[in-house]
Structures are given as C-alpha cells and as structure tokens.
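Only one structure is covered here, and it is reproduced in the block below.
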2 protein chains.
Amino acid sequence: MSHIRVLIVEDEAIASAAHAAYIARLEGFVVAGTAPDGQSALRLLGEMAAAAKPVELVLLDMNLPDLHGLDIARRMHSAGLFADIIAITAVRELAVVRSAVSVGVVQYLIKPFTFATFAEKLSNYRSFRLQLASPEPGSGQAPASQNDVDQAFASLRTPSESPLPKGLAPSTLDAVSSFLKAQTAAVSATQVMDPLGMSRVTARRYLEFLADSGSVSRSARYGTPGRPENEYLWTGRQSPKG
Amino acid sequence: MSHIRVLIVEDEAIASAAHAAYIARLEGFVVAGTAPDGQSALRLLGEMAAAAKPVELVLLDMNLPDLHGLDIARRMHSAGLFADIIAITAVRELAVVRSAVSVGVVQYLIKPFTFATFAEKLSNYRSFRLQLASPEPGSGQAPASQNDVDQAFASLRTPSESPLPKGLAPSTLDAVSSFLKAQTAAVSATQVMDPLGMSRVTARRYLEFLADSGSVSRSARYGTPGRPENEYLWTGRQSPKG
DNA sequence: ACTGTTGCGTTCATATTGGTCGCAGAAAGG
DNA sequence: CCTTTCTGCGACCAATATGAACGCAACAGT
C-alpha cells in the first residue's frame with residue numbers, strides 16, 4: 001500500500017499548516033490538499049475522486065465558516081465519497097462526539113494536542129487500514145472472519161498503554177481523577193486523602209501530576225494560618241496520559 | 001438513561017425474529033420495530049423521529065432486496081437521522097467492512113454468530129453510550145477530555161476475548177471463581193491463596209485474568225504501609241469461559 | 001517590625017505487595 | 001517407555017504507598 005492521501009479541512013491557516021507539518025513527520029501519510037471551508041473541501045474531494053486520486057482520510061474541523069463538520073460528513077456520504085474522517089476540533093460536547101461516531105468519524109482529537117497524541121491516533125488508523133488491506137492483491141477475494149474484523153477494530157482503538165512516570169499507579173490515578181471530576185469546588189490534598197483512604201503524600205503526588213499534565217488547575221488558598229494550601233480543580237483540558 | 005431503542009432491518013423473517021429474541025434477552029435494549037427492506041426501514045426511522053421516539057440503534061443487514069446496507073446508511077445521514085448502526089451480515093469482503101466503517105458502522109457482526117458474540121457487541125455499544133452520557137442531565141454542559149473520548153472509543157472496539165490464555169487451567173479457574181462468588185467483601189490474592197491451598201503467584205494470575213475478562217472488579221486497598229494491595233470483588237458481568 | 005505558631009509542601013527510608021524467571025511435577029501424545 | 005507440553009511454585013527484583021522529619025510561607029500576637 002502506498003501512502004495514505006490526507007485532506008486537511010481547517011479554517012485557521014496556522015492550524016492547517018501545523019497539521020500539514022505533523023503529517024509530513026509521519027511515515028505512510030501524504031498531504032493531498034487543504035481546504036479552509038466545507039464547500040471547497042467537498043469540491044476538492046470530488047475533483048480528486050474524479051481524477052482517480054481519491055482522498056482516503058480527512059482531518060476535519062467541526063467549526064467551519066460555512067458548514068458544520070457533521071454536515072460535511074453527511075454530504076460526503078450523499079455524494080458517494082468514501083474517505084474516512086478523523087475529527088480534529090476544540091468542540092468537547094459529548095453530543096457532538098456521539099453524532100460524530102454515528103456519521104463515521106473513526107478518531108476524535110480534541111485541540112490542543114501534542115504531536116505524540118496526534119501521531120498515536122493516525123498511527124492507529126494506519127494500522128487499521130493495513131489490517132483491512134487484502135493480504136493477496138492478486139487473489140481478488142478478501143474474506144474476513146469475525147476475529148479479523150475484531151482485530152482491525154481493536155487496532156483502531158486507542159491502546160493508551162500510557163508511559164506514566166515512575167511511582168504512579170494507573171488505578172490510583174483513575175481513583176483520584178474520577179474523584180476530582182465529581183467535585184464542583186476546588187479541593188486540597190487533605191480533602192482528597194480522606195474520602196479515598198490514602199495518605200496526604202500520595203494524594204498530593206497524583207494531584208501534582210494531574211496539574212502538570214494540564215487536567216486540573218492549581219491555585220493557592222490563603223486566609224488560614226499555616227503555609228498556603230494548594231487547591232486543585234478539574235478542567236479536563238488534556239489527557240492525563242499524554 | 002432508559003432502554004436503547006433498536007430497529008432491526010433484515011429481510012429474512014426467521015433471522016429477524018432471532019435477532020429480536022436476542023435483543024429481548026439483553027438488559028438495556030428494547031426492540032422499537034423491524035423492517036424487511038431498506039425503504040420501509042427509512043420510512044420507519046423517519047416516522048419514529050417525527051414522533052419524538054427516535055431509534056437510537058439499527059441492526060442492519062447488508063444484503064436487502066431493494067437497497068444495499070451501505071446505501072441505507074448514506075440515506076439515513078442525508079435525511080438527518082442520527083441512529084448508530086451495527087452491521088449484521090454474512091458479507092465478509094474487506095472492502096465492505098472498510099466502507100461500512102467510513103459511513104459510521106460502529107460494530108460489524110458476521111453471520112452466523114453465537115448469542116455470546118452478539119451480546120458482547122451490543123454490550124460494548126451500550127457501555128460506549130453510557131460513557132458518553134452526560135453525568136448531570138440538568139447541567140446542560142457536557143465537556144469531555146481526550147481521555148474520556150479515548151475510553152469511550154476503546155470500550156466500543158474491545159475485541160472478543162480469547163478462549164483461555166496459556167498457563168491457565170479450567171479447573172483451577174473454576175475453583176477461584178466459585179470461591180470469589182462465595183465472598184461478599186473484596187479479597188486480595190493473599191486471602192485467596194490460603195483457603196484454596198495454592199501459591200500467591202497462581203492465585204494472582206487467575207484473579208488478574210478474571211479482572212481482565214470483566215468478571216471481577218479490581219481496586220487498590222490503601223491505608224497501610226507498603227505497596228498497595230489489589231483486592232478483587234465478584235461482579236459476574238461476563239462468563240469467564242467466553 | 002519582629003518573632004512565634006501553624007499547617008502544608010517536600011524529601012527520604014521503609015514496608016509490603018506485584019511481576020517475572022526458571023524449574024519441578026503431572027498430563028498428554030507417540 | 002520416552003518425549004513433549006502444560007501447570008503451578010519458589011525466589012528473586014521491581015514497584016508503590018506510607019510515615020516521619022524537615023523546611024517553608026503566611027497569620028497573629030507583642
């Protein structure tokens with residue numbers, strides 16, 4: 001299989017160029033074009049399909065000047081364009097994520113993201129494609145077993161075997177972050193340690209890690225005697241495993 | 001969240017009834033209707049959406065008398081119908097699988113299949129839906145982190161479990177799981193090894209397998225010095241024997 | 001303004017478990 | 001009867017939360 005042809009649909013020129021630069025750094029992908037809005041994206045897709053050089057993957061922003069990303073996906077299908085879609089957007093509404101899945105979005109990247117996250121998503125997609133490629137091009141037949149299909153879907157899933165720093169356990173991280181998500185007000189390490197049954201040192205270590213990775217915001221609490229206390233509030237900006 | 005409303009699209013009456021019977025055996029799903037061909041499926045979907053009782057999930061056969069399954073998916077999107085699609089079909093061509101993914105098929109079931117396989121796919125989908133449900137319905141806000149989205153996608157795409165990993169004996173597995181079932185409180189590997197007369201390593205390996213397969217829940221026990229101890233609690237969500 | 005008090009941030013040694021490696025005994029196959 | 005494979009075990013190393021001790025920054029008297 002040759003390189004996967006990618007169309008970047010993004011209205012901000014800077015972001016569009018950044019995505020193109022990221023694509024260039026990846027093995028197995030090539031930028032087929034860029035479009036600043038939905039209409040030109042659809043036109044480009046049609047032209048390339050007519051020229052027998054179809055786009056196979058679209059990096060699609062949701063907020064575009066003329067059309068919503070979900071609309072673009074639907075119109076692609078109406079026009080018989082079979083490109084896969086990876087959503088790259090700052091929209092974090094769960095309803096949009098669900099709708100995106102139902103119109104065929106295979107990966108959902110939330111801005112801002114690091115190159116590592118970007119590379120992981122596209123690499124997963126490439127692995128998915130390779131598994132669904134015909135093992136014997138000359139055979140003409142390409143039957144698949146349920147297991148083959150499952151394996152392909154699994155490679156599309158984010159493996160997320162996260163390289164956490166030494167001394168941190170994934171389950172503890174889950175416990176702390178889900179507890180933080182349930183809080184509405186900012187909490188201190190002491191307030192975290194008690195309900196979870198862990199020590200203050202441990203609670204603080206995980207809170208500190210979450211703050212560094214950007215998932216929670218950290219601020220100081222004054223007004224009481226003693227050293228000022230750090231308090232943490234869930235913001236959910238970025239994956240804690242990035 | 002109430003039950004997920006399912007529409008079954010299948011031209012063979014026997015298969016259609018079988019699917020409906022399977023759905024009835026599952027928790028959290030309800031059959032909203034059945035359709036023997038593409039046109040009536042689209043009509044039903046439109047009517048139910050207009051009646052404010054939209055179908056949320058379509059079990060879609062690919063080979064129908066009037067339309068191809070992929071066409072139905074595209075027309076659904078053109079009509080603004082947001083139901084998710086699980087393909088249930090005997091078609092095993094890789095090209096069809098790829099096209100299905102690009103039009104938003106979330107699961108792909110190859111006929112014939114067992115109830116266990118069917119239940120697994122639908123259970124994955126339900127878990128995906130639950131993770132993307134708004135935690136607070138009245139809040140109006142539903143922001144998600146990259147990690148949330150990844151986890152939801154992962155639960156949708158987890159492959160079927162392998163029969164039994166190397167190094168595990170069915171008899172020992174039975175002993176461990178039945179012992180766990182008899183416990184009311186969570187137990188650690190050390191607490192399992194003694195009554196069953198096995199070594200800690202062996203007990204831990206079986207507990208770990210049960211945790212991975214979803215039959216038991218795993219959590220950490222804090223509060224005491226030393227490395228945190230994993231404790232396991234029987235939940236019985238899934239048969240350990242696949 | 002100075003100093004004591006207070007409570008959290010930070011570091012380090014320690015305790016206790018998890019995970020892996022290689023081996024012994026048993027079961028299966030020829 | 002011999003060979004191969006599999007299952008469980010002991011012992012090692014790695015991992016990770018805890019507790020104590022120390023330091024630091026803000027408050028509260030004098």
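So that the names make sense, note that chain A is the first sequence line, chain B the second, and so on, each numbered from 1.
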What is the separation between atom CZ on B:R205 and atom P on D:dG10, rounded to the nearest whole Å?
13 Å
Using heavy atoms to find the nearest nucleotide of DNA chain D for A:G167 and B:M198 separately, return the residue whose nucleotide is more 5′.
B:M198
Using only side-chain N and O atoms of A:Y206, determine if any of them is under 4.0 Å from OP1 or OP2 of D:dA17.
yes
Aromatic ring pairing B:H19/B:F118, orientation class (parallel under 30°, perpendicular over 60°, tilted between)
parallel
Find which nucleotide of DNA chain D each of B:R221 and B:S171 is nearest to by heavy atoms, and output the residue with the more 5' nucleotide.
B:S171
Between B:S199 and D:dC9, is there a contact of a side-chain N or O with OP1 or OP2 at under 4.0 Å?
yes
For A:F29 and A:L122 the tightest heavy-atom approach is CZ-O, 3.2 Å
Salt bridge (Lys or Arg N to Asp or Glu O under 4.0 Å) pairs, two or more places apart, involving residues 219-232 of chain A
A:R221-A:E229, A:R221-A:E231
Given atom CG of A:L168 and atom C1' of D:dA14, what is their separation to the nearest angstrom?
15 Å
Could you state the CG-P distance from B:N230 to C:dT16, rounded to the nearest angstrom?
17 Å
Base, backbone or nothing for each nucleotide of nucleotides 20-28 of chain C, written B, S, -, heavy atoms under 4.0 angstrom, 5' to 3'?
B--------
Do side-chain atoms of A:Q191 reach the backbone of A:S188 as a donor and acceptor pair under 3.5 angstrom?
yes
Hey, does the side chain of B:T172 come within less than 4.0 Å of D:dT7's phosphate (OP1/OP2), counting only N and O?
no
Taking ring pair (Phe, Tyr, Trp, His ring centres under 6.0 Å) as the definition, give me every residue that meets it alongside B:Y125, ordered by chain and number, with sequence neighbours left out.
none
Inspect the contact between B:K181 and B:D174 and indicate whether a charged nitrogen and a carboxylate oxygen are less than 4.0 angstrom apart.
no
Donor-acceptor pairs are to be reported for all side-chain atoms of residues 9-16 of chain A against protein atoms at under 3.5 Å, with residues two or more places apart or in another chain.
residue: A:E10; atom: OE1; partner: A:K111; partner atom: NZ; Å: 3.1
residue: A:E10; atom: OE2; partner: A:E12; partner atom: N; Å: 3.3

Among the nucleotides D:dT16, C:dC8, C:dT17, whichever has the atom closest to the side chain of A:E229 is C:dC8
Heavy atoms of A:M62 and A:A87 approach each other most closely as CE-CB, 3.8 Å
Between A:K166 and D:dT16, does any side-chain N or O lie under 4.0 Å from OP1 or OP2?
no
With heavy-atom distances below 4.5 Å as the criterion, would you say the side chains of A:Y206 and A:V192 are in contact?
no
Side chains of B:T114 and B:T117: is there a donor and an acceptor less than 3.5 Å apart?
yes
Kindly state which residues belonging to residues 180-197 of chain B come within less than 4.0 angstrom of DNA chain C, counting heavy atoms of the residue only, listed by number.
none
I'd like to compare against my own output: the B/S/- annotation of nucleotides 25-30 of chain D with a strict under-4.0 Å heavy-atom distance to protein.
BSS---
Nearest whole Å is fine: how far is D:dT16 P from A:F209 CZ?
12 Å
Heavy-atom closest pair (A:L70 atom, A:S99 atom, distance to 0.1 Å) is CD1-CB, 3.7 Å
